[in-house]
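A short worksheet on the structure shown next.
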Amino acid sequence: GDLVLVIPSSTSSTKLSNAYHPVKNKNGYWYYYEVDKSDGFAERCVLILGNVCTISKGRLLEKKGHLTCDNDATFICKGI
């Protein structure tokens with residue numbers, strides 16, 4: 001059907017300081033993944049991978065961003 005993958009995000013300074021990043025913080029928590037504008041996001045934030053879910057498109061209240069992973073997948077798609 002029309003399912004979408006939802007990955008919650010946060011700009012919490014605590015989560016940012018504990019987040020994994022392949023260059024900046026390789027010892028960070030795997031379930032917090034730091035991203036920023038260079039990854040296609042509006043601002044520096046943390047993807048909360050432990051809370052990933054799939055939902056019907058009809059249940060979306062608001063779309064905050066968009067990340068496309070195609071044949072030339074970005075580094076962030078490969079990292080996650």
Side-chain angles (χ1 to χ4, degrees):
D2 291 329
L3 296 177
V4 293
L5 180 70
V6 177
I7 305 174
S9 62
S10 172
T11 56
S12 159
S13 59
T14 301
K15 286 182 176 71
L16 279 164
S17 65
N18 290 317
Y20 171 83
H21 188 276
V23 176
K24 299 178 196 172
N25 189 8
K26 291 183 179 185
N27 295 320
Y29 298 135
W30 68 268
Y31 47 87
Y32 292 153
Y33 197 100
E34 182 181 339
V35 293
D36 59 23
K37 289 183 180 185
S38 68
D39 298 306
F41 289 81
E43 61 185 312
R44 185 173 170 242
C45 63
V46 172
L47 302 180
I48 306 169
L49 300 179
N51 292 346
V52 170
C53 63
T54 54
I55 65 170
S56 169
K57 283 184 182 180
R59 293 192 59 213
L60 287 175
L61 300 176
E62 181 181 1
K63 182 179 175 181
K64 295 260 183 172
H66 178 82
L67 181 64
T68 302
C69 297
D70 55 21
N71 290 337
D72 295 323
T74 61
F75 179 78
I76 188 69
C77 292
K78 291 177 183 177
I80 294 173

Non-neighbouring partners of [X] that pass side-chain contact (heavy atoms from CB on, under 4.5 Å), sequence neighbours left out:
X	value
S17	none
S38	D36
V4	V6, I55, K57, L60
Y29	N18, Y31, Y32

Minimal non-hydrogen separation, I48 against S9, with atom names: CD1-C, 4.3 Å
Residue pairs passing the side chain to side chain donor-acceptor pair (under 3.5 Å) test where at least one lies in residues 41-56, sequence neighbours excluded: E34-R44
Verify the cluster assignment for V23 and F41: are they in a single hydrophobic cluster under the rule of side-chain heavy atoms below 4.5 Å apart? no
Within 6.0 angstrom of K24 NZ, more than 12 heavy atoms from elsewhere: yes
If you link I, L, V, M, F, W and Y whenever their side-chain heavy atoms are under 4.5 Å apart, who else ends up in the same group as L61? none
Check whether any side-chain heavy atom of Y33 sits under 4.5 Å from a side-chain heavy atom of P22, and report yes or no. yes
Can you find a heavy atom in the side chain of S12 that is under 4.5 Å from one in the side chain of V46? no
Hey, what do you get for SG (C45) to CG (L16), rounding to the nearest 0.5 Å? 7.5 Å
